[in-house]
2 protein chains.
Amino acid sequence: MTIMHLSESTEMYLKAMAELGGQDVIATARLAERLNVTPVSVSEMVRRLGEQGLVSHTPYKGVHLTKKGREVACNVLRRQRLWECFLYDHLKIDWSQVYEFACSLEHATAPEVTEALAGFLGNPQTCPRGNPIPAADGSFKPLDAMPLSEAKLGQTAQVLAVNATATDVLKYLQEKNILPGREVTVIEVAPMQGPLTLHVGGKDVALGLSMAEFVLVKKIKN
Amino acid sequence: MTIMHLSESTEMYLKAMAELGGQDVIATARLAERLNVTPVSVSEMVRRLGEQGLVSHTPYKGVHLTKKGREVACNVLRRQRLWECFLYDHLKIDWSQVYEFACSLEHATAPEVTEALAGFLGNPQTCPRGNPIPAADGSFKPLDAMPLSEAKLGQTAQVLAVNATATDVLKYLQEKNILPGREVTVIEVAPMQGPLTLHVGGKDVALGLSMAEFVLVKKIKN
DNA sequence: AAAAATGTTATGGCTGACCTTATTATTCCA
DNA sequence: TGGAATAATAAGGTCAGCCATAACATTTTT
Ligand SMILES: [Mn+2]
Ligand SMILES: [Mn+2]
Ligand SMILES: [Mn+2]
Ligand SMILES: [Mn+2]
C-alpha cells in the first residue's frame, strides 16, 4: 500500500486496460493499437507491470488487471474524467479536445488536488463523454450498455457514452451528432464488416464498425 | 517558432533560471541547488539547452536565458502561477502546498487550456505567493522589490512576494506569518551571516538569511 | 604567488521506455 | 492435421536525464 509514484506510461497502460477490458482479458495487440506502440514494446511493458503486481499475463491469451492494477486504473480514470468535466463545463474547451487535454493533466494530479477538484465540481457522476466517474474509494459500476457495433438493423438506441479517445475520432462523432443522449437508428448494416448507416439528428451517417465499438448505447425499441 | 514539445526537465531548468536570475547570469551551482541535481548534471543539461538555443553559457561565469529561453520560461511561469491561483482560490488547497501541485500541472497544460484557465480566473495579475503572472504575449514586468535579506536593522517593510518553492520552506513562512501583504520590522541582524530577527504579526521571528533572500519586500519607513 | 574553492570535462554507468529485425512458440482455421 | 496468423522472445539500439569519480581549468582568497 506504499504510495509509489507510477510513471505516466504505467498509468496509461493500466488505464487503457480498464477502458478496453472491464474485467476481461485483453489481447496485447489491442493494447499496442490503443497506445500506439509496437507489440514488442507491449510485451516488455507487460513484463514490467507483471513484476510490479499490476497485471497478470497468460501468454498467448492476454493480460488482465490485478486488484492492485485495477485500483490504480480506476484512480487514473477518476482523475481523467474529473478534469474532463472541469475543462468542458468551466473552461468551455471544445468537446472533442477535452479528452486529450485531460489525458495530460491526469498524470500530474496529486490525490489532494483530485479530491478538491471533485468537491469543486460537485462530485459529478459522469464525464462529458458519458462515462461514469469512479468514486474516491475506487468503487466503480461500469455502464449497463452495449456497443453500437452490435446493434441490429432497425434498432433504435440512445447513446450513453463514447469511449473513443483519439481527438480526430471524437471530432468526427461530434460533427455527426453521435453524442451522449442522442437517439440513433440503424438503417443499414453493410455486409463484410462494412459500416453501419445510422439515422441521427435528421441525417444519415455512415459509421465504421470499429468506431461503432466505442459508442455505447442502450436499446430503446424494436 | 515551430512548436516543439519541451520536456518537463527542460521547462524546469528554464523556469528556475527565470525565478533565480531575472536578467542576470546565474551560477550553475545555484541551479544545481534549486533543482536538486549534481553540478555535473547541470553542466550536461546546460550544454543541451545551449544547443537548442535556449541558454547561453560562459564557462566559469554562468548561464543566462536567451530571448527564446526567456519566452519559454515566462510561459512556464504563467502556467504555474495561473494554476496556483486556481488551486488556492477555487480548490482551497493549503497555501504552502499550492506551489508544488502547480509545479506538476504546469508541464501538462496545453496553450488552449492555459488561456481558457486565465479567462476563467479573470486574468489575475499575481499568484497567491505574490508573484506577477506573465501575460499571454510573454510580457512580464518583474516586481520592484528587494530581498528581505538586504533590509537594514530597524527597517519596516511590506512583503510583496515569496519566491520560495520548497513546501517545507513555504510552510515555515506561513506559520510565521511572513506572507504577501504583511508588514515586517527587522529588529536584529546577527553577525556572521546569522539570522534576521523580525517583528511580524505581534511576534518575533528568526529567519535565516538564505530564506530571507526569497522574501521580496518594499520599504515602508525608516 | 600559492593554495583553496569552484566549475568543467571526461568516462563510465544506470533506468525506463521506446524501436527494428529475427526467431520461435502457440493458436486458429480451413 | 497442416499452414496461416498471431503472440512471445531474443538481441541489439537509441535517447533523455540522471548518477559517481577523477582529472583539469579557472577564479578567488589568503
Ligand atoms: Mn494520459
Ligand atoms: Mn514543474
Ligand atoms: Mn558517457
Ligand atoms: Mn537488450
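Chain letters run A, B, ... following the sequence lines, proteins first and then strands; every chain starts at 1. If you're wondering where the values come from, they're calculated on a predicted model, not measured in any experiment.
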J.: Compare side-chain N and O positions of A:Ser9 against OP1 and OP2 of C:dG16 and report whether any pair is under 4.0 Å apart.
T.: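 It does not, given that no N or O in the side chain of A:Ser9 lies less than 4.0 Å from OP1 or OP2 of C:dG16.
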
J.: OP1 or OP2 of D:dA8 less than 4.0 angstrom from a side-chain nitrogen or oxygen of A:Thr28, does that happen here?
T.: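 Yes, within the criterion.
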
J.: Hey, mind stepping through A:Glu213 and A:Ser149 against side-chain hydrogen bond (donor to acceptor under 3.5 Å, both in side chains) and telling me if it holds?
T.: CA-CA 5 Å; A:Glu213 273 177 48; A:Ser149 52; 5.2 Å; no

J.: Expressed as a whole number of angstroms, how long is the span from B:Glu33:CD to C:dG7:P?
T.: 10 Å

J.: Aromatic ring centroids of A:Phe120 and B:Phe86 under 6.0 Å?
T.: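 Yes, the ring of A:Phe120 comes within the 6.0 Å limit of the ring of B:Phe86, centre to centre.
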
J.: Which of these nucleotides, C:dG7, C:dA17, C:dT8, is closest to any side-chain atom of B:Pro59?
T.: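 Nearest to the side chain of B:Pro59 among the choices is C:dT8.
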
J.: Nearest-Å distance, CG (A:Leu31) to C1' (D:dT6)?
T.: 15 Å

J.: Taking only side-chain nitrogens and oxygens of B:Thr38, does any of them come within less than 4.0 Å of OP1 or OP2 of D:dC19?
T.: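 Checking D:dC19 against B:Thr38, a side-chain N or O does come within under 4.0 Å of OP1 or OP2.
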
J.: Go through D:dC19, C:dT8, C:dC19 for me and flag the one nearest to the B:Pro39 side chain.
T.: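 For the B:Pro39 side chain, the nearest candidate turns out to be C:dT8.
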
J.: I want to verify a distance call: between C:dT20, D:dA7, D:dG17, whose nearest atom is closest to the B:Arg48 side chain?
T.: D:dG17

J.: Can a donor-acceptor pair be found, under 3.5 Å and without considering hydrogens, that links the side chain of B:Arg129 to the backbone of B:Tyr99?
T.: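 Looks like no, no N/O pair under 3.5 Å.
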
J.: Atom CE of B:Met45 to atom P of C:dT8: distance rounded to whole Å?
T.: 16 Å

J.: Out of C:dT8, D:dC19, D:dA8, which nucleotide sits closest to the side chain of B:Ser43?
T.: C:dT8

J.: Check B:Arg78 with B:Glu106, please: is the shortest side-chain N to carboxylate O separation under 4.0 Å?
T.: no

J.: Is the phosphate of D:dA5 approached by A:Tyr60 (side-chain N or O, under 4.0 Å from OP1 or OP2)?
T.: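 No, because none of the side-chain N or O atoms of A:Tyr60 sits under 4.0 Å from OP1 or OP2 of D:dA5.
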
J.: To the nearest angstrom, how far is A:His5 atom NE2 from D:dC18 atom P?
T.: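 It works out to 14 Å between those atoms.
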
J.: In whole Å, what is the span from the CZ atom of A:Arg30 to the P atom of D:dA7?
T.: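 Computing the A:Arg30:CZ to D:dA7:P distance gives 7 Å.
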
J.: More 5' along DNA chain C: A:Val37 or B:Ala27, using each one's nearest nucleotide?
T.: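 Upstream on the strand: B:Ala27.
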
J.: Please report, rounded to the nearest Å, how far the P atom of D:dC15 is from the CD atom of B:Glu44.
T.: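 B:Glu44 atom CD is separated from D:dC15 atom P by 15 Å.
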
J.: For the atom pair CG (A:Leu49) and CE (A:Met45), what is the distance rounded to the nearest 0.5 Å?
T.: 4.5 Å

J.: Choosing from C:dT9, D:dA10, D:dC18, which nucleotide comes nearest the side chain of A:Val40?
T.: D:dA10

J.: Does a side-chain N or O of A:His57 approach OP1 or OP2 of D:dA7 to a distance below 4.0 Å, or not?
T.: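 A:His57 to D:dA7 OP1/OP2: no side-chain N or O under 4.0 Å.
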
J.: Rounded to whole angstrom units, what separation is found between the CZ atom of B:Arg47 and the P atom of D:dA16?
T.: 9 Å

J.: How many Å lie between CD on B:Glu8 and C1' on D:dG17, as a whole number?
T.: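 Whole-Å distance recorded here is 12 Å.
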
